[in-house]
Amino acid sequence: MSKLKIKNLHVNVGDKEILKGIDLEIHSGEIHAIMGPNGNGKSTLLSAIMGHPKYSITEGSITLDDQDVLSMSVDERSRAGIFLGMQYPQEIPGVTNSDFLKSALNARLEKPLSVFQFIKKLDKNIEELQMNENLAHRYLNEGFSGGEKKRNEILQMKLLQPQFALLDEIDSGLDVDALRIVAEAINSMRSDDFSCVMVSHYERLFELVQPTHVHVLIQGKIVTTGGYDLIEKIDQEGYDWLKELGVVLEEEQDQQPIILGSCARKVVE
Amino acid sequence: MSDELKFDFQSIDYDFIDEDKAVFKTEKGINADVVREISKIKNEPEWMLEYRLKSLEHFLNQPLPSWGVDLSNMDFGDYTYYSRPSHDKTDKWEEVPETIKDTFDKLGIPEAEQHFLAGVSTQYESEVVYHNMLDEVKEKGVIFLDIDSGLRECPEIFKKYFDTVIPYHDNKFSALNGAVWSGGSFIYVPPGVTLEKPLQSYFRINSERMAQFERTLIIVDKGSDIHYVEGCTAPSYQKDSLHAGVVEIVVLEGAKCRYTTIQNWSKNIYNLVTQRAKVYKNGSMEWVDGNIGSLATMKYPTCVLAEEGAKGTCITIAVADEGQILDSGSKMIHLAPNTSSQIISKSISRCGGKVNYRGMVQHGKNAYNSKSKVECDTLILDQLSTSDTVPINIMRNNDSIIEHEATVSKVSEEQLFYLMSRGLTQAQATEMIVMGFIEPFSKELPMEYAVELNQLLKLDFGDQGIG
């Protein structure tokens, strides 16, 4: 049994405070869902736990049992059993999926897997996720569809067998069938040694992978926590009812996308 | 790169130095007497001596190039221009002198030969000391000799093609090579011969201030197809050394030649090489060109597409580390209709290294309906390192196409984060991204070379991350 403990976590991006004191405890065996409107810090929380360099921790602590996670580098966190399934997985040209997966697996093994063992393991998982066999030989995420990228994240999770999986909008870009396959894969990992934190906007994923705990994150704080019934309520009523609990909802501000072309010319309004 | 390439590979230290056992060396510096002496030792015909002397004159009268790398620190009076390590060539591995053999052993040459190579012509200092060919190659009538033997044994073919692709007066360093050339390979492939396995030669400088001026002449006759592989590793020395090789290749009608080389000269060597192929009707020339070592490199493998339907390709990588300036690229000269060419260049600079792409694509007035594509990508690994891209595209007709694409990038934080979040260390992640970047090059290499390249770059990137 392990415990990932987040205490009074404050996180900045540049000068802007995104997370304003998060407290969260995740025990192995549990599945946590984090919900909330866009731009309130859900992805930030997951990325900060993994150690993305863009996010600076200004206050608080994260511990995994008695290890100080914040003092670990990203790769150390991974090897300690934390996994982040990303919202936007990176493309790495020229590196085959199988080379990458083998390196990632071997990074946490004392004795590297033989090529044969590896291929057997990989093939089995590719089959279970109903992915294309040629996936192993394609370059990592390059030219993958949104759904293929997400399935590839789940493939990595299945191979690396983390204790704590953080899944950031793993359901976006998936069609109904793919969502079912991904959900089955997550469910197949459920055990006393595995726990998972999922961020999603859709009830559908949580129907298929039923969380044990549900949190609503608004303006950098967890404003309420409950069980599966909370998801149903949000699905029916949205977040407005939270105002009754004294939560201030800010209208989401659309950020202007930065277009490369616009740097080069003067925009006359 | 495929799985089997990633087996554990024992680390090789390329900076070992053998005791200098040269049998004969010329005095330092260059003049007509040195040139005469070289020609005399080699027992050359009169015309070659005359050729050397007129090359020398041209070399002495020619200023240093005003572009590219600054060469003003070179002292031509301080190099040794000829040195011969042992008395005779030998066909048997057992007969190769021990110290030389040790060097080759460390480089893994004999094993290499057994598995992949059709023939080895290994240049140690200025002479070929070990030379061997598999029966298949001999049976097919392929002549694969060291260049001196080529001149002696095949004087007619030699004289017909020598200096026709790269004339001595082409540039200062081709002139220098013309004057003092020594060692290198001579290959003649008769019409209609295809060799399944690559021919290989290994060069290595081993004497302080010993300049190496290898000369290679390859003629691929009509409809033949060969792959020639040349590799260079050199141990480190304290004084500057000079390598000024000339590689001339003639690809006749319908023939195909691939020339693969990875130079890893130690980081005090001036590497100033002229490589050019002349490609006739429907012939095809492919340069696969890697540059990792040297203090300064100026090298632009060239295809002269002389007749209709000729095709030229160059895939090149350069990796410049601290103190290095690698100025490389490729030239494609289209002189005939329906010719095509492609250049893929991948450059990496790190720790203050400077890597430049310099290339030229020229479509002459007769080269109508021709096509060229140039793609140069640069990866800059830190703030100290720099890169310039200097492409020249010249179009002299209205009916052909030159495409040019260039990118410059750095290893992105997001990519590193992604790989590290799967447990790879920063160094491993960087290495993986770099290996992926040069994959279009490494996948063209014979497996053994791909492994060696992998290993060389691992040594380079292994412990230091991205600074």
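What you see below is based on every heavy atom in this structure, not just the backbone, and it leaves out hydrogens, waters and symmetry mates. Since we're looking at a predicted model, the values are computed, not measured. Chain identifiers are assigned alphabetically (A, B, ...) following the order of the sequence lines, protein sequences preceding nucleic acid strands; residue numbering begins at 1 within each chain.
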Rounded at 0.5 Å granularity, tell me how far [atom1] in [X] sits from [atom2] in [Y].
X        : Y        : atom1 : atom2 : result
A:Gln90  : B:Ser412 : CD    : OG    : 5.0 Å
A:Arg108 : B:Arg422 : CZ    : CZ    : 9.0 Å
A:Asn141 : B:Tyr418 : CG    : OH    : 4.0 Å
A:Lys54  : B:Glu414 : NZ    : CD    : 6.0 Å

With only heavy atoms counted, which part of [X] is less than 4.5 Å from chain B, the side chain, the backbone, both or neither?
X        : answer
A:Leu160 : side chain
A:Leu105 : neither
A:Glu76  : neither
A:Pro89  : both

Discussion item. side-chain contact (heavy atoms from CB on, under 4.5 Å) for B:Leu419 and A:Val95? Distances and angles first, verdict last.
Written reply: CA-CA 11 Å; B:Leu419 296 179; A:Val95 175; over 6 Å; no
Worksheet item: At a heavy-atom separation under 4.5 Å, does B:Glu413 approach chain A through its side chain, its backbone, both, or neither?
Response: side chain
Worksheet item: Can you say whether B:Phe437 sits under 4.5 Å from chain A via the side chain, the backbone, both, or neither, judging by heavy atoms?
Response: backbone
Nearest heavy-atom pair of [X] and [Y]: which atoms, and what distance?
X        : Y        : answer
B:Phe417 : A:Ser47  : CZ-O, 4.3 Å
A:Ser78  : B:Gly423 : OG-N, 3.0 Å
B:Ile433 : A:Ile92  : CG1-CG2, 4.2 Å
B:Met432 : A:Phe100 : CE-CA, 3.8 Å

Is the number of heavy atoms from other residues, nucleotides or ligands under 6.0 Å of [X] [atom1] greater than 12?
X        : atom1 : result
A:Lys149 : NZ    : yes
B:Glu322 : CD    : no
B:Lys256 : NZ    : no

Discussion item. Could you check whether any side-chain heavy atom of A:Pro93 comes within less than 4.5 Å of a side-chain heavy atom of B:Gln415, counting everything from C-beta outward?
Written reply: yes
